[in-house]
Amino acid sequence: MTPILSLSAAELERWLEEHGAQAYRRRQVWDWLARGADTFASMRDVPTALRAALEGEFAVTSLKPIATSVVDRGLTSKTLYELEGGHSVEAVVMRYTDRTTLCISSQAGCPIGCPFCATGKFPFGRNLKAHEIVEQAVDAQRILSPEGRRLSHVVFMGMGEPMANYLAVVDSVRRLADPELLGISPRRIVVSTSGLIPRIAQLGEEKVPVTLAISLHAARDELRDVLVPINRKYPVRDLVDAAQEYARKTGRRVSYEWVLLAGVNDTQQDAKELGALLKRRLAHVNLIPFNPVDDTPYSAPDRASIRVFRDMVEAEGLNVTVRDTRGREADAACGQLHERVMRATTPVA
Ligand code: SAH
Ligand code: SF4
C-alpha cells in the first residue's frame, strides 16, 4: 500500500482525476487526516465509492506504533514507531496549558555520534522520508483530537540530525506549515542542529523561517571537538557566524542549547568563553540539565551548580534560561528540550 502522504498535492489530485473524482477531494482527504482520521472509511463527506477506492490503494500512514509510554500525569506521551523496512523512531507529545508540542525524529539513529547522547550510541539506520516525518505529526494529531487539542508546535529534537537529512526535512517543514494540512506556522517549528554550516546557510535561503536551535554545549573547539564531533569539520566560531547570519536573514533569534555535564562544561571558564562567543549577538542560551544515559562518562550537575552556572552566564550579559524537567522519564532519545526553546524564542520583527 502506498502511504497517502507520500504523494504531493498535485500527485494525489492527478490520481483522483484518473479515478473519476474531482481534484478538490484531495483537500477534503487532507483535512480529515489533519483532524486525526485513522481510516478512509471515516471520511464522511467523501463519496462511498471513492472512500473504497482510496482504501484499496493507500494507507493512511506508513508508521506502525509499537510502544507508548505516558508520564507527567498524562501530560507527556511518547510513541515508538516502526518504519517500513524495520527501523524505529520515536516522537513525544507534550501538553501545556497554552500549547501542545511534538518532538519529532528526522533519522533512525544519528551519524554524528555525540558521546552524551542516547541516539548517537546506536549505529546509524537511515534517513526518514518527508512523509514519515509529517506522519509523526499527523499521528500526534490523531492522539490529540479526542482530547480536544491541536498540535501547535513541532521541534526537531528527537532522533537524528535534521540538517543531515536536509531535503526531506525542508519538504516536511513546508508540509507541516501547509494550511491545507496541519497549518503549523514555521516560527512554531524548531530545527535543532549540531552545526552543519553549509546547510544552515541553505536553510536561510528557503523562505521557511523556522526557529533555529544550535546545539553548542561548548564554546571552545578543544572541548566541542569531543562533545559534538562534527565540530572538527565546522569549528564553533564559524558555526556561530552562520547561525547569526540566519538570524539576520530571517529576523528570528537563534537559540543555543547547552547540555550541562558536571565538571565538563559547567565551570566559570565555560561561562566566560560562552559570554565572549555570544556577547552582543541576537541569541538566547538554553541550559539543559543532562539526562543521564547509561555507559557514558557524564553526570548531571546538582541543582545548586546549575543555578550558579546560570548566574555566571547571566553575568556575562546573555539571555539565559534553564529547561524544566518535563518529559524526563519519557525520554532517552528524544532530545529533552522543546518547551524552553519555544518559550524563550520570540520573533524580533
Ligand atoms: N541532532 C540534533 C537534534 C536532536 S538532539 C541536535 O543535536 O541538535 C536534540 C537536543 O537534545 C540536542 O541539543 C542534544 O544535544 C540534546 N541531548 C541529547 N542527548 C541529551 C541528554 N542525554 N541529555 C540532555 N540533552 C540531550
Ligand atoms: Fe545526533 Fe543530536 Fe544526538 Fe548529537 S545530540 S548524536 S547530533 S541526535
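Counting starts at 1 for both ligands and their atoms, in listed order. Small disclaimer: the values here were computed from a predicted structure and weren't measured. Residues: numbered from 1 along the sequence shown. Worth knowing before you read on, the calculation uses all heavy atoms, side chains too, and leaves out hydrogens, waters and symmetry mates.
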Worksheet item: How long is the gap from NZ on K233 to CD1 on I197, to the nearest 0.5 Å?
Response: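 Between atom NZ of K233 and atom CD1 of I197 there are 10.5 Å.
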Report yes if some heavy atom in the side chain of [X] is under 4.5 Å from a heavy atom in the side chain of [Y]; otherwise report no.
| X | Y | value |
| --- | --- | --- |
| L16 | L50 | yes |
| L83 | K129 | no |
| V190 | S255 | no |
| S77 | V70 | yes |

Item to complete: Look only at the side chain of R27 and the backbone of E180, and say whether a donor-acceptor pair between them is shorter than 3.5 Å.
Response: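 No, R27 side chain to E180 backbone: no donor-acceptor pair under 3.5 Å.
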Practice prompt. Give a yes or no on whether the backbone of V71 and the side-chain of T76 come within a donor-acceptor separation of less than 3.5 Å.
Written response: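 No.
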[X] heavy atoms, cut-off 4.0 Å: which ligand 1 atoms fall inside?
| X | answer |
| --- | --- |
| G158 | 4 (C) |
| F156 | 3 (C) |
| C117 | 18 (C), 19 (N) |

Report the member of [options] with the shortest heavy-atom distance to [atom].
| atom | options | value |
| --- | --- | --- |
| atom 3 (C) of ligand 1 | C110, A118, P115, S192 | S192 |
| atom 1 (N) of ligand 1 | G160, P289, S194, G195 | G160 |
| atom 1 (Fe) of ligand 2 | S106, S192, G109, C110 | C110 |

Test of understanding: given a 4.0 Å heavy-atom threshold, classify the contact between [X] and ligand 1 as side chain, backbone, both, or neither.
| X | answer |
| --- | --- |
| M159 | neither |
| V293 | side chain |
| F116 | both |
| V228 | neither |

Worksheet entry | T193 and E161: side chain donor to acceptor below 3.5 Å |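 T193 vs E161: donor-acceptor pair found between side chains.
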Discussion item. Ignoring hydrogens and geometry beyond distance, is a side-chain donor-acceptor pair present between E273 and Q269 at under 3.5 Å?
Written reply: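 Yes, Q269 and E273 have a side-chain donor paired with an acceptor closer than 3.5 Å.
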Practice prompt. Decide whether an N or O pair under 3.5 Å exists between V259 and ligand 1.
Written response: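 No.
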Discussion item. Are any of the N/O atoms on E257, whether in the backbone or the side chain, positioned under 3.5 angstrom from an N/O atom of ligand 1?
Written reply: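 So ligand 1 has no N or O lying under 3.5 Å from an N or O of E257.
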Discussion item. Under a 4.0 Å threshold between the charged nitrogen and the carboxylate oxygen, would D241 count as salt-bridged to R281?
Written reply: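 Looking at R281 and D241, the cut-off is met.
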Discussion item. Check R220 with D270, please: is the shortest side-chain N to carboxylate O separation under 4.0 Å?
Written reply: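 Counted as a salt bridge, because a side-chain N and a carboxylate O are separated by less than 4.0 Å.
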Worksheet item: Under a 4.0 Å heavy-atom limit, does C114 contact ligand 2 with its side chain, its backbone, both, or neither?
Response: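 Both parts.
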Worksheet item: Does atom 6 (S) of ligand 2 have a protein non-hydrogen atom under 4.0 Å from it?
Response: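 Protein heavy atoms within 4.0 Å of atom 6 (S) of ligand 2 - there is at least one.
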Fill in: Distance from atom 3 (Fe) of ligand 2 to nearest protein heavy atom, with residue and atom
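Protein heavy atom with the smallest distance to atom 3 (Fe) of ligand 2: C117 SG, 2.3 Å.
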Discussion item. Closer than 4.0 Å to some heavy atom of G113 - which atoms of ligand 2 meet that?
Written reply: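 Those qualifying, in numeric order: 6 (S).
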Practice prompt. Using a strict cut-off of 4.0 Å, indicate which atoms of ligand 2 neighbour a heavy atom of S194.
Written response: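 Here the atoms of ligand 2 in question are 7 (S).
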